[in-house]
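In what follows, a single structure is set out as structure tokens and then discussed.
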There are 2 protein chains.
Amino acid sequence: MARAAGVSAATVSRVFNGGRVTTELAERVLRSAAELRFAPNRVARALRMQRSSVISLIVPDIENPYFASLARGVEDAAQRKNHSVVLCNSDEDLDKERRYLDTALAEQMAGVIIAAASRSRTDLSPFTGMPVVAVDRRPLGAAVDAVVIDNQHGGEQATAHLLRSGYRRVACITGPEGTSAAEERLTGYRVAMGEYRREQGQDQAQLRELIRYAESGTESGREAMRDLLANEEPPDAVFVTNDLMAVGALEALRAAGREPPRFGVLSFGDAPWVSLIAPSLSTVGLPSYDLGRASVGLLLERIAGKDRPQQTMVLQTSLQVRSSATGPAPGP
Amino acid sequence: MARAAGVSAATVSRVFNGGRVTTELAERVLRSAAELRFAPNRVARALRMQRSSVISLIVPDIENPYFASLARGVEDAAQRKNHSVVLCNSDEDLDKERRYLDTALAEQMAGVIIAAASRSRTDLSPFTGMPVVAVDRRPLGAAVDAVVIDNQHGGEQATAHLLRSGYRRVACITGPEGTSAAEERLTGYRVAMGEYRREQGQDQAQLRELIRYAESGTESGREAMRDLLANEEPPDAVFVTNDLMAVGALEALRAAGREPPRFGVLSFGDAPWVSLIAPSLSTVGLPSYDLGRASVGLLLERIAGKDRPQQTMVLQTSLQVRSSATGPAPGP
DNA sequence: TTGAAAGCGCTAACAA
DNA sequence: TTGTTAGCGCTTTCAA
């Protein structure tokens, strides 16, 4: 290539990397490159620079629409900055995750974006020198940038919306006890309920009978809902902390003849199908795409060598009003 | 690393690549490698071998569950053979697709798996030397292996199932005229209907009034269904060639008081949410995961240098019976 | 079976 | 501004 244009390899390199070259030479190089369909060999470049332009994206499962959307955000942002994205599905398996991390090292990748399989047991310590951004889940005690969702605020939003819509006894079905997202969303619920009851001068001790922990599947959502309906004083609305459980809750409600929006249902998640089911589910939408995009932003700053304090970005949820929680009164 | 083990670089290389080395030396190398947490530099390897172990996967959009599942199949299979997968979203945009293809070349990737944006205008000609497998869509006139779905057979399966379930006037809502998947599925419908009517000694000329072309969205599915119901002699079942249009059709049916399974609905696609809507949709399931897996199989054969005739694998659909097409008679 | 040496294509330091 | 040179870490002859 250099010979074809009658210049040195260094000049070719400079042309392709924005070095100082006279327009005449640059043109000659570009012309030859076009003729020969030449494009710089990125592998050689990566070897020489000790760093490729590939980002490793490690998620539990790309078939989960949440992570698909996140991945899309990552890929779009990366592509705009001439970076490629390697897709890795960890299946929440620490060993598998570990192998992907090792590969990222061996391939001298530019950086890693990871939704870690475990907050405490994912080991990010070998990554000195390679930038890492944690996304969706912030590993405990690892000195990495992170981008996460404000789950508590989302829980507050959801609960407040139900109360504002006129529901009075708002229940909550949340995920397994001890998982951080579920607990945070529940906290949001407690806070919003506490505030409301304080304003109303109501007793605050009775929240417990309105709360159910479930296993985050359709099945367990249905059971939890059935259980809530069996209360002495049953709720008139429910905040469910994920879409799948919400579908189960909906089924239990239909079986009991308590259909939305008379009975309010609000879920957390915004899966692409929530608008397709009947009634279309109002949800607290997750900024999954932006999560991906933002994590690339942080990662590229680190890759560029920017030395700033470790940082966590907290992205806000947004209420998606559809038809399952418009209010207990007969429609206007 | 070589020094640490007291051997030459060549020996280290042989240890990691299954060359002939005495057990004693091999052990020494492995021990040092473990101590130093050494792993061979894949970039240098790729440069030297003129080929990396990365596969480029080009799909229209990873947020489409069909391609997410396909991608998962690709990644699982690739990972098992120590290959990485680079994710590329073409958005059906030829320019964008072209840039990804160029990157694959510049990165000396091991091969490309592509669901091409266009059957005729996607240009795969620069890929002499780099293996390419077309997936889901077979480019016209490109000499590459391909893995596709048997759309026509799927259409036959769907239609035959409706007829077998007791529906008599089966309509079809298919995608835009001229797109190959839509036409093939429609062909399957025609074949199955023709066969049935021949057996019944019925007139075969009247099929046209049972067929509608739509724009493959919820909206246009609803309209097409409404239009079919306005027929002089309306259908009692419909085969819809994708899930989204089926949701629209379902809405039109509900509005007209003709609910499944009294009115049969069968769709083509098997999106993850089809079992969540009410009634749960019976579908012709697409082997998207296997599509991905199989394409990796073909690709790796080519990468290994296997010289065999160009090949197209046709994967079969499978009927997923749920509750929207159990038969016109009142349930047992 | 092992090691020495060359070279994959690029970029960075230096010299001209 | 341009060219020369060295070397990134590996695999692959070739010779020992």
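Values in this document were obtained by computation on a predicted structure and should not be read as measured data. Residue numbers start from 1 in every chain, and the chains themselves are labelled A, B, ... in the order their sequence lines are given, proteins ahead of strands.
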Report yes or no: do B:Arg137 and B:Ser180 form a side-chain donor-acceptor pair below 3.5 Å?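 No, because no side-chain N or O of B:Arg137 sits under 3.5 Å from a partner of the opposite role on B:Ser180.
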
Between B:Asn17 and B:Arg45, is there a side-chain donor-acceptor contact under 3.5 Å, judged purely by atom types and distance? yes

Which angle, to the nearest 10 degrees, lies between the helix axes at the two ends of the helix from C:dT1-D:dA16 to C:dA16-D:dT1, each defined by five pairs?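 The end-segment axes of the helix from C:dT1-D:dA16 to C:dA16-D:dT1 are tilted 40° relative to each other.
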
Taking side-chain hydrogen bond (donor to acceptor under 3.5 Å, both in side chains) as the criterion, tell me which of A:Arg308, A:Gln310, A:Arg138 meets it with A:Asp145. A:Arg308

Using a heavy-atom cut-off of 4.0 Å across all strands, would you classify A:Val21 as base, sugar-phosphate, or nothing? sugar-phosphate

Distance from A:Arg99 atom CZ to B:Gln79 atom CD, nearest 0.5 Å? 5.5 Å

How would you give the extent of chain A contacts on DNA chain D, as first and last nucleotide 5' to 3' within a 4.0 Å heavy-atom cut-off? D:dT1 to D:dG9

Would you give a per-nucleotide map of nucleotides 10-16 of chain C, 5' to 3', where B means the base has a protein non-hydrogen atom under 4.0 Å away, S means only the sugar-phosphate does, and - means neither? BBB----

Under-4.0 Å salt bridge between A:Asp102 and B:Arg37: no

Compare all side-chain heavy atoms of A:Thr103 with those of B:Asn82 and state whether any distance is below 4.5 angstrom.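 In short, these two side chains do not touch, never coming nearer than 4.5 Å.
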
Check whether any side-chain heavy atom of B:Asp136 sits under 4.5 Å from a side-chain heavy atom of B:Tyr66, and report yes or no.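 Of all side-chain heavy-atom pairs linking B:Tyr66 with B:Asp136, at least one is under 4.5 Å.
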
Backbone of A:Gln108 reached by a side-chain donor or acceptor of A:Ser52 within 3.5 Å: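 Side chain of A:Ser52 to backbone of A:Gln108: a pair is present.
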
